[in-house]
K.L.:
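Quick one: this structure, given as structure tokens, is what I'll be asking you about.
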Amino acid sequence: MATYAIGDIQGCFHSFQNLLKRFGFNAEHDRLWLVGDIINRGAGSLEMLRWAYEHQHALVMVLGNHDLHALAVAEGHVPQHRNDTLQPILDAADADQLLAWLRQQPLLHREHGYLMVHAGLLPQWSVEQAVELAAEVAAVLRGSHYRDFLSQMYGNQPNQWHEFLQGIDRLRLITNAMTRLRVCTPDGQMEFKFTGELQDVPAGYQPWFDLPARRSRNAVIICGHWSALGLQQRPDLYALDTGCVWGGKLTAMRLEDRAIFQEPCSPEDLPRKI
Ligand SMILES: [Mn+2]
């Protein structure tokens, strides 16, 4: 039995299947941790979501911004973006079942000495506090008012954590940090436009994981979301988004020995031109 954490799949279902073969995945004995953004932009979003649903006993996942976007689109709160590949999910006979399952997934998972989150954590948050804050959002997504949350989820404000935040502002802030964060100021003001490489981080900002005052430094964090960052392997951070859907690779790390497995993007996964 082994546990494999896998970076952003984004509907790259063939690459995902090839990666599973590469490390000999056995759904009866092994476990998968998916860092979120399992769907959208790649050609196999429906196939990927269905596979995750059917193998839910063998995996844990945390929600990424694209997964949440699918939920908001399905509820009619926002239109699809030009490059979205969500329509086959929306049109599927089992769409309600698949999306209801997706909505039950957490924003953070902590087990075996690892903490998995899609994007990042703000410097003011200890691990314990981050676990509690993620649970606040998960409770709303699983509750009867999830549509209210999804309809007000979008927006970049507030962009900084305060203990006194309440209601939708608090939920949006937590969600934005955990599913969209790449860089912020030393006091945790988030910036969402920047998607580039490390050497191009805008003046006054730093990668969230490099802030010296970050209170979660004692954790070993597994994340994705920042494809231009590339694979990062350091004792406190394993960043696994290696841009498969952009023609890069899909990356897995075996948690027991931190061995890395990579699969080049399968051409079949690239979005079909309309
Ligand atoms: Mn993402």
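None of the values given here were measured: they were computed from a predicted structure. Along the sequence shown, the residues carry numbers beginning at 1.
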K.L.:
So, for Val35 and Val62, which heavy atoms are closest and what is the spacing to 0.1 Å?
P.N.:
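Here Val35 and Val62 meet closest at O-CG2, 3.5 Å.
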K.L.:
Under the salt bridge (Lys or Arg N to Asp or Glu O under 4.0 Å) rule, collect the residues that match up with Arg50, sequence neighbours excluded.
P.N.:
Asp94
K.L.:
Assess whether salt bridge (charged side-chain N to carboxylate O under 4.0 Å, His left out) is satisfied between Arg214 and Asp236, documenting all intermediate values.
P.N.:
CA-CA 12 Å; Arg214 182 167 63 86; Asp236 63 341; 3.5 Å; yes
K.L.:
Taking all atoms of both residues into account, what is the closest heavy-atom pair of Gly224 and Asp8, and its distance?
P.N.:
CA-OD1, 3.3 Å
K.L.:
What's the shortest heavy-atom distance between Val220 and Gly113, and which atoms?
P.N.:
CB-O, 3.7 Å
K.L.:
Considering only heavy atoms from C-beta outward, does the side chain of Leu141 approach that of Gln104 to under 4.5 Å?
P.N.:
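Result no, sub-4.5 Å side-chain heavy-atom pair not found.
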K.L.:
Mind checking what makes salt bridge (Lys or Arg N to Asp or Glu O under 4.0 Å) contact with Arg31, not counting sequence neighbours?
P.N.:
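Result, salt bridge (Lys or Arg N to Asp or Glu O under 4.0 Å) vs Arg31: none returned.
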K.L.:
Under the rule for salt bridge (Lys or Arg N to Asp or Glu O under 4.0 Å), what residues qualify as partners of Asp96, not counting sequence neighbours?
P.N.:
none
K.L.:
Could you tell me if the side chain of Ser266 sits less than 4.5 Å from the side chain of Glu268, heavy atoms only?
P.N.:
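They are in side-chain contact.
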K.L.:
Met178 versus Leu133: any side-chain heavy-atom pair under 4.5 Å?
P.N.:
yes
K.L.:
Going by atom types only, do Asn156 and Arg180 share a side-chain donor-acceptor pair under 3.5 Å?
P.N.:
yes
K.L.:
Is it the case that His14 and Asp269 place a side-chain donor and acceptor less than 3.5 Å from each other?
P.N.:
yes
K.L.:
Side chains of Leu102 and Ile39, heavy atoms from C-beta outward: is any pair under 4.5 Å?
P.N.:
yes
K.L.:
Group every Ile, Leu, Val, Met, Phe, Trp and Tyr by side-chain heavy-atom contacts under 4.5 Å, then state whether Val73 and Ile38 land in the same group.
P.N.:
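Shared cluster, yes.
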K.L.:
Search all heavy atoms of Pro186 against all heavy atoms of Leu211 and return the closest pair with its distance.
P.N.:
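Taking every non-hydrogen atom into account, CA-CD2, 3.8 Å.
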K.L.:
Just checking, is any N or O donor in the side chain of Asn65 or His118 under 3.5 Å from an acceptor N or O on the other one?
P.N.:
yes
K.L.:
Quick one: do the Asp84 and His66 side chains pair a donor with an acceptor below 3.5 Å?
P.N.:
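No, no side-chain donor-acceptor pair sits under 3.5 Å.
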K.L.:
For Gly42 and Val245, which heavy atoms make the closest approach, and how far apart are they?
P.N.:
N-CG2, 3.5 Å
K.L.:
Do Gln232 and Tyr238 have side-chain N/O donor and acceptor atoms under 3.5 Å apart?
P.N.:
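Judged by distance alone, the side chains do not pair up.
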K.L.:
What class does the angle between the rings of Phe23 and Tyr4 fall in, given that below 30° is parallel, 30 to 60° is tilted and above 60° is perpendicular?
P.N.:
parallel
K.L.:
Is it the case that atom CD in Gln166 sees more than 12 heavy atoms from other parts of the structure closer than 6.0 Å?
P.N.:
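Not buried by this count: 12 neighbours or fewer within 6.0 Å.
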K.L.:
Could you list the residues that satisfy salt bridge (Lys or Arg N to Asp or Glu O under 4.0 Å) with Glu136, not counting sequence neighbours?
P.N.:
Arg170
K.L.:
For the residue pair His162 and Phe164, is the inter-centroid distance of their aromatic rings smaller than 6.0 Å?
P.N.:
yes
K.L.:
Indicate whether any N or O donor in one side chain lies under 3.5 Å from an N or O acceptor in the other, for Gln262 and Thr251.
P.N.:
yes
K.L.:
With a 4.5 Å heavy-atom cut-off, do Arg215 and Gln129 have their side chains touching?
P.N.:
yes
K.L.:
By side chain to side chain contact (heavy atoms under 4.5 Å, CB included), which residues pair with Glu197, not counting sequence neighbours?
P.N.:
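Result, side chain to side chain contact (heavy atoms under 4.5 Å, CB included) vs Glu197: Gln199, Asp200, Ala228.
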K.L.:
State whether a side-chain donor-acceptor pair under 3.5 Å links Glu128 with Ser126.
P.N.:
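No donor-acceptor contact under 3.5 Å links the two side chains.
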K.L.:
Which residue pairs satisfy the ring pair (Phe, Tyr, Trp, His ring centres under 6.0 Å) criterion with at least one member in residues 121-153, sequence neighbours excluded?
P.N.:
Trp125-Trp161
K.L.:
Any non-hydrogen side-chain atom of Ile6 less than 4.5 Å from a side-chain atom of Phe16?
P.N.:
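Yes. Closest side-chain heavy atoms under 4.5 Å.
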K.L.:
How close do Pro264 and Arg22 get, counting heavy atoms only, and between which atoms?
P.N.:
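Heavy atoms only, the tightest pair is CD-NH2, 4.0 Å.
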K.L.:
Is a side-chain donor-acceptor pair under 3.5 Å present for Asn40 with His69?
P.N.:
no
K.L.:
Say whether Leu255 and Ile9 are linked into one hydrophobic cluster, either directly or through other cluster members, by side-chain heavy-atom distances under 4.5 angstrom.
P.N.:
no
K.L.:
Any ion pair linking Asp210 and Arg217 (charged N to carboxylate O, less than 4.0 Å)?
P.N.:
no
K.L.:
State the CG-CD1 distance between Asp148 and Ile168, to the nearest 0.5 angstrom.
P.N.:
8.5 Å
